[in-house]
Amino acid sequence: MLDPRRFRQDPEAIAEALKIRGFELDLATYHDLEDARHTLQTELETLQHERNVKSKHIGVAKQQGEDITPLVAEVGDLGSRLDALRDKFQQIQESLHDFLLHVPNLPDASVPPGDSEEENVELRVWGKRPEFDFEPKDHVELAGTSLDFEASVRISGSRFSVLKGNLAKLHRCLIQFMLDVHIEEHGYEELYVPFIVNRETMTATGQLPKFEDDVFFVRGEIDRFLIPTAEVPITNMVRDQILDFSELPLLYVSHTPCFRRESGSHGKDTRGLIRVHQFEKVELVHITHPDASWEALETLTRHAETILQRLGLPYRAVVLCGGDLGFAAAKTIDLEVWLPGFDRYREVSSCSNFVDFQARRAQARFRPDPTARTELVHTLNGSGLAIGRTLLAILENYQRADGTVQLPEVLIPYMGGVEVLQF
RNA sequence: GGAGAGGUGGCCGAGCGGUUGAAGGCGCUCCCCUGCUAAGGGAGUAUGGGCAGAAACCCAUCGAGGGUUCGAAUCCCUCCCUCUCCGCCA
């Protein structure tokens, strides 16, 4: 959520800044709500004050043994007038809050203009794309029966996967490898977190209220949702917390499954592991001092890149243009791995700085020094990396003419000495 | 699943219908005193909002939401959560 004060001060400037991401701010509605809020609030508070004063008088009079009936009469219908006014005020407050919850974050000044993916700007390219003296296969062809979509369709439906044998093991080892690097070399603290979360948690990170159609809902006594990314539970570690200055930055890493409805992507990426309802990720989250978040975005992105480099996978880093930017992000750098089977780069990590946007929704604060007022922290996250897509990138980049796959050096110890995958 | 006890500030904890945003303690900040140390004295110390900011003033907030009342931390209802005992269970 954007700062309501800043909003009040200059909504036109905010509307202008949001145009970069192609968001049309409904200024008329905003002004209507804000004006109504202001009028009602003043009116309500005056009336409340009146009631408080009179009630206090009654208390004093009663204690002194005076007759309070005339005083009670004087309060008259104040109560019912207050009730009516409070209802109206709360309704407006709710509408205004809801309005603000639907407004995306302001893009950082460095975010390039553009409407779609095509206008993202390449920052750097790493690694040499493999050259094959044969026609490279995609991961579905390569994995053969180790990737059992017939089973996953029977078990759950389309867009799920069943991995078998060494392919399933490689999938598990990738998780282990990534966690080890981030914990032992990059200094992250590992977390194990819930995969089913409540509405408040989903609202804090920005998935709700706007994107309820994109996530899986769990039926029950209270509303709960399957996490679409580990960012949700991890960032909510600091929801409603007041951290000490000395605790920052917090660096968390966690491996979780991610569940997505993919409701807007019918017919898109239907082949293989590229776009599924359930996949695994190792996620990096930074909770930082507001002055440190831009540097942290660099650090976090480099940490994710380290994984690709260790695995010897060619990739490029792109900065997302305004039109491709996610709802809560101020700036995002995507890491895209080269996929020979698709003859293109595909996203394996998305590293974002949310500045205070999520922190405000989450009321995640810190105290700069013992006497100071609390301030909002900044939050960042990025995949380090998406497991399924990394797995298929390994298959496609390391494939050989005979259909076997040579494993990257760093994974061999994890695989118990297995150097080549045969399917 | 059954029975019971609870949820109050950064933390502990009192209050159970009126001037209580909340005693007391711990912690923290500033000042004073004490030649170190230990200890002592004083003042201050929630969040959000009315309001860009400061002061003053005002409003709201005692797990959440409703209700009763002139007035609710306090009484009633619903929900959420925590703890203890029993049962069940990876």
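Note that these values count all heavy atoms, side chains included, but never hydrogens, waters or copies made by symmetry. First the proteins, then the strands, lettered A, B, ... as listed; each starts at 1.
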So what's the dot-bracket for RNA chain B: Watson-Crick or G-U pairs under 3.5 Å, [ ] if a pair crosses, | if it pairs off-strand?
((((((((.[[[..)..(.....]]]((((((.......))))))(((((......))))).[[[[[..)....]]]]])))))))....
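- If you check the side chains of A/Q90 and A/E94, you find no donor sitting under 3.5 Å from an acceptor.
- Nucleic acid contact for A/R365: sugar-phosphate only, since backbone atoms but no base atoms lie under 4.0 Å from a heavy atom of the residue.
- If you take atom C1' in B/G13 and the same atom in B/G7, they sit 13 Å apart, rounded to whole Å.
- A donor-acceptor contact under 3.5 angstrom links the side chains of A/T201 and A/N198, judged on distance only.
- Applying the ring-ring contact (aromatic ring centres under 6.0 Å, His included) criterion to A/H289, with sequence neighbours excluded, gives A/F366.
- With no hydrogens or angles considered, no side-chain donor-acceptor pair links A/E283 and A/Y252 at under 3.5 Å.
- A/K88 has no carboxylate O lying under 4.0 Å from a charged side-chain N of A/E43, or vice versa, which leaves the two without a salt bridge.
- Nucleic acid contact class of A/R360 (heavy atoms, under 4.0 Å, all strands): none.
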Sequence-aligned protein contact record of nucleotides 59-71 of chain B, with B where the base is within under 4.0 Å of a protein heavy atom and S where only the sugar-phosphate is
BS---------BS
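- Comparing B/A43 with B/U47, their C1' atoms are spaced 23 Å from each other, to the whole Å.
- Side-chain contact annotation: A/Q358 with A/T379, donor-acceptor N/O pair under 3.5 Å present.
- Spacing of P atoms, B/G18 relative to B/C80, comes out at 31 Å, to the nearest Å.
- Side-chain proximity of A/R8 to B/A46, B/C81, B/A52: nearest is B/A52.
- At a cut-off of 3.5 Å, with distance as the only test, a side-chain donor of A/H255 or A/E280 sits close to an acceptor on the other residue.
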